[in-house]
Amino acid sequence: MTENRLDKMRGELRRGVLVLAVLSSLKQPHYGYSLRKQLQDAGIDIDEGTLYPLVRRLAEQGLLDSEWQQAEGRERRYYQLSTLGGELLQQLTEEWQQLNGALGNLLEQP
Amino acid sequence: MELVDRYINAVQRYLPEDKRTDIGRELSSHLLDQLESQQDELGRKLTDDEVAATLQLWGHPRQVAATYVPPTPLVSSELMPVYKQTLIYVFGLIFLLQCLGSSIHFLQTDYFKTLQFLMQLLFGFFDSAATAFMVVTLLFYAYSAGGADNSWLLSKQWRVQDLPSVSRPWQQMSAGDLLTDLATSAFLLIVLWYPLWMSAETLASIRVALNPEIQQWVPWLSALLVVSVLANLWWVWRPYWTKLTLSINVVLNLGFSLSFLLLWLSPALLVGTDNPLPTLLTIADLDRVLRNIFLLAGLFCIYEVGRDLYRLRQLSR
């Protein structure tokens, strides 16, 4: 029961920062699987069912540009931060740093 | 990679037509990348079982489709409180109308069967409530899906100053009590004015009537009942016990308790007509039953007067 609750709350906590993580990773172009690997290597493990639809939604909102490319005999859709996405990322980063600093102070309190 | 194609086809079945090709193409690319990476790790080609196991982990095709195109809820979470409130009011109104309809129907027939009356009331209510539920839900769905301006529904124009001053839990009127009072008052009004609703044949075949002395009370009782209906309608709009609403309720209940107790003390409430009563039933029996009902109703009204006076005192402190 406690583990379930922890999993649920952990999921909620992570969901909020996923957008930031994805936008930040897509400063460089990535296709779906390579983006997932990059996030995994950075310590952010997101399952496919969450990541790929999220990337698609961000692209539909105009925050990412996408392009189909042929590589290794197969086609892949590469995503990269758009101008609008870049502006939003900057604002979200400032917001995150402010929040992180405030939260850090709170968590350090005895 | 036949299994992958089968899986993607299955996912596409659950997607809107305009998105099927694009999402299928993208999903195929993700899946093939993942399987290729697994092959590289193992250093050999994957068996069908291994491919199937990987696809299984992605989840049921319907689930995967839903992550790409989440289903639109019938009513958005933002509108849900208004939706629930609307349903309560609509169901209450239907119940009230059904009570009135069934009462009129009962007065128009030349016989009375309690069970039949209750069944008619119950089934009539569920029949109308099911239709109303569908219509209200469809209207809210249209609003939720259409993205129309719903600020008027969400009461975005409000002021703290307009909120009722409610400091005790009992000050919130219960919807059930309000509807019961409304239905009872409306039902009694219809019964009192039965000559207006009854057909000529039914009136001619009636076996008992009100004693002419009691008949004189009908306008007074009707006035009380009309005030009660109007007050309850107002309280449906603002369901809070305040000094004013409590005072009105005290006056109403005093009027009712006085009337009911006087009726209880009356020597004869009913008189026979030219039509004979069924065997084993006499006017005196019916009188006794009615008097007992009036006594109980009168005592209940007195209890409510006492309760409301106590509450008035609490609010005055």
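The chains referred to below are lettered A, B, ... by the order of the sequence lines, with proteins before strands, and numbering in each begins at 1.
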### Task
Start with the C-alpha gap between A:Y33 and B:S37, add the side-chain angles, then the distance that decides, and say whether side-chain hydrogen bond (donor to acceptor under 3.5 Å, both in side chains) holds.
CA-CA 9 Å; A:Y33 192 71; B:S37 160; 2.8 Å; yes
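Of the atoms belonging to A:R74, it is side-chain heavy atoms, and not backbone ones, that fall under 4.5 Å from chain B. Only the side chain of B:E36 comes within contact range of chain A, with at least one heavy atom under 4.5 Å from a heavy atom of that chain. Using a 4.5 Å cut-off between heavy atoms, B:L57 does not touch chain A at all.
Taking the ring axis of A:W68 as reference, the NZ or CZ atom of B:R25 stays within 45° of it and closer than 6.0 Å to the ring centre.
The main-chain N or O of B:W241 is found under 3.5 Å from a side-chain atom of B:Q171 such that the two form a donor-acceptor pair.
With respect to A:R36 and B:D33, no salt bridge is recorded, no charged nitrogen being found less than 4.0 Å from a carboxylate O.
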